[in-house]
Amino acid sequence: MRIPYVFLGAFLAIVQSAYAEVAPPPLLKPLTRQAQAAQLSAQFFTRYSYRPIPLDDTLSARIMDRFIKSLDPDRMLFLQADVDRFMSDRSEIDNAIERKDLKIPFAIFNAYEQRVVDRMNYARNLLKQDFDFGAQENYSVLRDKEPWPQSEAESNELWRKRVKSDWLRLKLGGKTDAAIRETLDKRYENTLERAYKFKSDDVFQSFMDAYSTSIDPHTDYFGAAASADFNVSMKLSLFGIGAVLQERDDYTTIRELVPGGPAQLSGSLSVGDRITGVGQGKDGAIKEVVGTRLDEVVQMIRGKKGSVVRLDILPADAGADGTHRIISLVRDKISLDKQAARKAVLSVKTGDATRKIGIITLPVFYEDFEAKRKGDKDYKSASRDVAKLLDELKQEKVDSVLIDLRNNGGGSLDEAIDLTGLFIGNDPVVQQRSSNGKIEVKSAEFAAPVWTGPMGVLINRGSASASEIFAAAIQDYGRGVIVGEPSFGKGTVQTVIDLDQIVHHSKPEFGELKVTIAQFFRVNGGTTQLRGVKPDISLPGLSDPTSIGETSYDNALPWAQIKPANYASDDTVKTLLPTLQSRHDARVKGDPDFQRLLQDIADLKAQREKGVVSLNEAERRNEATARKNRFKARAQASDGEDPGGDDGLEADERSLSAAIAIENARKKAKDVLLDEAAAILADETDLQEHVGEAATKQSGNANGK
């Protein structure tokens with residue numbers, strides 16, 4: 001086996017000769033616990049996965065390819081010579097994991113860090129010169145399939161165009177040359193600084209991501225930090241101070257205060273305030289956190305309920321040398337309500353009637369596993385929250401209910417089953433086949449459905465897994481109309497394994513695995529794997545199906561089919577679909593907002609297919625002017641606001657107030673697809689009502705005879 005550090009040392013020497021004034025980033029080395037965790041993970045991956053794949057030379061090569069791609073997806077950092085050297089160890093990773101030796105991935109990551117330093121310093125040096133924006137040249141924005149640069153000179157040319165492109169965007173946004181230099185220098189400096197903040201756990205997490213997803217797209221490894229974030233996302237709660245934080249210019253800045261949280265109730269903190277130090281307990285020393293990574297500051301602020309955290313605050317309106325203040329906060333349970341189910345009611349006119357459509361938006365299928373396991377009767381769950389919202393909508397006398405699952409990537413399987421039960425009762429919801437071929441039919445435990453009226457489901461390409469189970473069951477039973485784009489196509493089931501529990505560790509060291517253990521099938525016998533759920537009424541979408549969805553993965557499980565479950569389907573909705581489709585087609589044809597959305601989608605698709613942008617200022621100004629005129633005309637036609645053009649800034653480069661204003665404007669923007677989905681449900685309600693009246697009339701005539 002070759003020793004990767006031999007190459008690394010030579011590589012560093014080359015870079016340092018070119019940039020002798022710049023200190024190299026820290027040389028990161030693997031920890032013993034990481035090597036042990038990798039070996040232990042390999043044992044589980046090879047034995048308990050739904051589709052076990054041996055850790056051999058073939059898998060080793062796949063891991064290497066994924067690891068390099070994750071570090072340099074646009075092929076802008078490494079040289080071809082770097083990649084060739086890495087590939088000399090392409091078949092050695094399997095043996096290295098078995099020997100608890102992680103030198104190979106760490107050597108690659110160390111080379112990656114140095115390349116980032118090299119390229120960012122080169123980019124900053126380019127800012128000292130001027131660019132010729134009258135020249136006819138293009139910059140490729142899609143380089144994932146392009147070859148790596150063959151030489152330093154070729155890499156320099158790529159980065160010259162990259163910097164020129166960044167400069168031109170800002171120039172078109174109205175910035176002066178001085179402002180552009182300052183903005184880009186800070187942007188590249190921030191990227192440079194991040195290279196010096198990487199830690200050993202970052203390397204290991206990246207490597208294990210490459211390993212786990214080489215088995216199948218939805219197998220994952222969670223280090224301690226990732227595991228904590230996953231648990232928070234399922235509980236929708238944590239213990240902290242109730243503040244959304246953001247890193248801005250080396251400061252941990254308060255982006256938002258959670259209503260009812262300790263930070264908001266204290267009255268001592270405001271949006272824009274900067275946290276410069278964190279202390280534990282009433283008397284603990286305050287540690288300075290300026291320049292500290294955001295995730296590390298977050299971990300320092302989170303803690304046990306009832307414990308005290310002290311913050312050194314630099315007020316939002318104070319300069320760098322302004323007066324600080326120290327505040328003490330008692331940590332409490334914080335509910336992440338933005339990710340919880342929520343409702344709204346839309347009034348939709350159809351014919352001479354006005355229909356009230358209840359909208360329930362569900363961002364994720366959450367469930368507090370730990371609280372449920374402990375027997376907490378009030379544990380947090382998606383289906384429980386939706387049941388309460390359905391009761392409220394009944395009180396508001398809505399005519400129909402739309403479940404909005406757009407961009408809902410899934411979550412708890414049990415919650416998907418229970419949510420379906422709210423609409424179909426205790427009938428079968430999904431079939432699950434384990435690796436041994438055993439098939440289990442899963443049903444909800446509701447004696448009767450909570451909502452029996454008309455309903456529908458709105459999905460898009462980001463609707464996956466649990467969302468697809470729910471939508472597929474609603475479709476198979478004919479319970480409601482499915483509207484939107486074809487869904488993601490994830491038809492597999494994962495379970496989480498705590499490696500520390502396996503080896504009886506009292507403290508978290510090894511992390512957790514999310515392992516694919518089964519495949520789920522619809523009650524009709526098909527699977528959503530690869531094909532997803534096909535909507536009954538299609539709506540357009542902005543996503544690129546070639547890069548988002550199960551079909552974008554090269555190692556996804558194939559589509560399959562088993563015997564249908566014992567279920568009965570209602571054909572009422574199916575018989576209504578031709579009329580629903582014709583009404584939809586007629587409505588959107590005359591809807592200017594919908595037609596403008598179609599134009600935006602076509603423009604975005606054309607831009608994606610083009611793959612390059614012009615670096616000629618005149619051409620870009622003509623494009624910008626045409627785009628601005630189109631938006632201006634649109635704003636005038638709809639009495640809305642002109643969203644303005646591209647200012648060339650990244651999110652954290654705008655002032656906090658400007659960033660919040662943009663976010664609020666997006667929230668207030670008209671949701672064309674949601675409005676159309678509600679209109680389709682209004683039509684469904686109208687048609688079902690007429691069917692019911694006709695059936696009642698026919699029954700009455702029969703009785704009269």
Side chains of [X] and [Y] in contact at under 4.5 Å (non-hydrogen atoms):
| X | Y | value |
| --- | --- | --- |
| Arg522 | Thr528 | yes |
| Tyr366 | Glu415 | no |
| Val515 | Gln494 | no |
| Arg583 | Asp686 | yes |
| Arg406 | Asp671 | yes |
| Glu485 | Pro535 | no |
| Val503 | Leu40 | yes |
| Glu684 | Glu689 | no |

Using a cut-off of 6.0 Å, state whether more than 12 heavy atoms not belonging to [X] lie near its atom [atom1].
| X | atom1 | answer |
| --- | --- | --- |
| Gln607 | CD | no |
| Glu396 | CD | yes |
| Asp352 | CG | no |
| Asp144 | CG | yes |
| Lys589 | NZ | no |
| Lys356 | NZ | yes |
| Lys394 | NZ | yes |

*Relative to the ring of Phe365, is the ring of Phe470 parallel (under 30°), tilted (30 to 60°) or perpendicular (over 60°)?*
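Phe470 and Phe365: tilted rings.
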
*Fit a plane to each ring of Tyr477 and Tyr567, take the angle between them on a 0 to 90° scale, and name the class: parallel (under 30°), tilted (30 to 60°) or perpendicular (over 60°).*
perpendicular

*Quick one: do Leu674 and Leu402 satisfy side-chain contact (heavy atoms from CB on, under 4.5 Å)? Show the steps, please.*
CA-CA 9 Å; Leu674 180 64; Leu402 175 68; 3.7 Å; yes

Please determine if [X] and [Y] form a salt bridge, counting it only when a charged side-chain N lies under 4.0 Å from a carboxylate O.
| X | Y | value |
| --- | --- | --- |
| Asp74 | Arg143 | no |
| Lys388 | Glu392 | no |
| Arg51 | Asp216 | no |
| Asp57 | Arg90 | no |
| Arg587 | Glu676 | yes |
| Asp209 | Arg66 | no |
| Lys372 | Glu370 | no |
| Arg596 | Asp591 | no |

If you measure only the distance, is there a donor-acceptor pair under 3.5 Å linking the side chains of [X] and [Y]?
| X | Y | answer |
| --- | --- | --- |
| Gln39 | Glu98 | no |
| Asp337 | Ser335 | no |
| Ser434 | Asn436 | yes |
| Glu445 | Asn426 | no |
| Asp391 | Gln395 | no |

Without swapping roles, check the side chain of [X] against the backbone of [Y] for a donor-acceptor pair under 3.5 Å.
| X | Y | answer |
| --- | --- | --- |
| Ser463 | Gly409 | no |
| Asp476 | Gly478 | no |
| Glu468 | Ser465 | yes |
| Ser543 | Pro545 | no |
| Gln581 | Ser538 | no |

*asked:* The test is side-chain contact (heavy atoms from CB on, under 4.5 Å); show your working for Asp418 and Thr420 and say whether it passes.
replied: CA-CA 5 Å; Asp418 287 345; Thr420 310; over 6 Å; no

Measure the [atom1]-[atom2] distance between [X] and [Y] for me, rounded to the nearest 0.5 Å.
| X | Y | atom1 | atom2 | result |
| --- | --- | --- | --- | --- |
| Thr551 | Phe488 | OG1 | CZ | 8.0 Å |
| Gln431 | Ile439 | CD | CD1 | 6.5 Å |
| Glu512 | Ser41 | CD | OG | 11.0 Å |
| Arg461 | Ile548 | CZ | CD1 | 8.0 Å |
| Ser400 | Ile357 | OG | CD1 | 4.5 Å |
| Leu597 | Leu673 | CG | CG | 5.5 Å |

*Could you walk me through whether Thr516 and Ser49 pass side-chain contact (heavy atoms from CB on, under 4.5 Å), step by step?*
CA-CA 6 Å; Thr516 299; Ser49 293; 5.8 Å; no

*Hey, would you say the Phe45 and Tyr211 ring centroids sit under 6.0 Å apart?*
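So the answer is yes for these two rings.
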
_For Ile459 and Val483: C-alpha separation, side-chain torsions, deciding distance, then whether side-chain contact (heavy atoms from CB on, under 4.5 Å) applies._
CA-CA 6 Å; Ile459 58 175; Val483 182; over 6 Å; no

_Can you see whether Tyr379 has Arg384 sitting over its ring - NZ or CZ less than 6.0 Å from the centre and within 45° of the normal?_
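The answer is yes; both the distance and angle limits are met.
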
*Among Thr58, Ile53, Ile63, which one satisfies side-chain contact (heavy atoms from CB on, under 4.5 Å) with Ser214?*
Ile63

_Can you give me the closest heavy-atom contact between Val523 and Pro428, atom names plus distance?_
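Shortest heavy-atom contact: CG1-O, 3.5 Å.
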
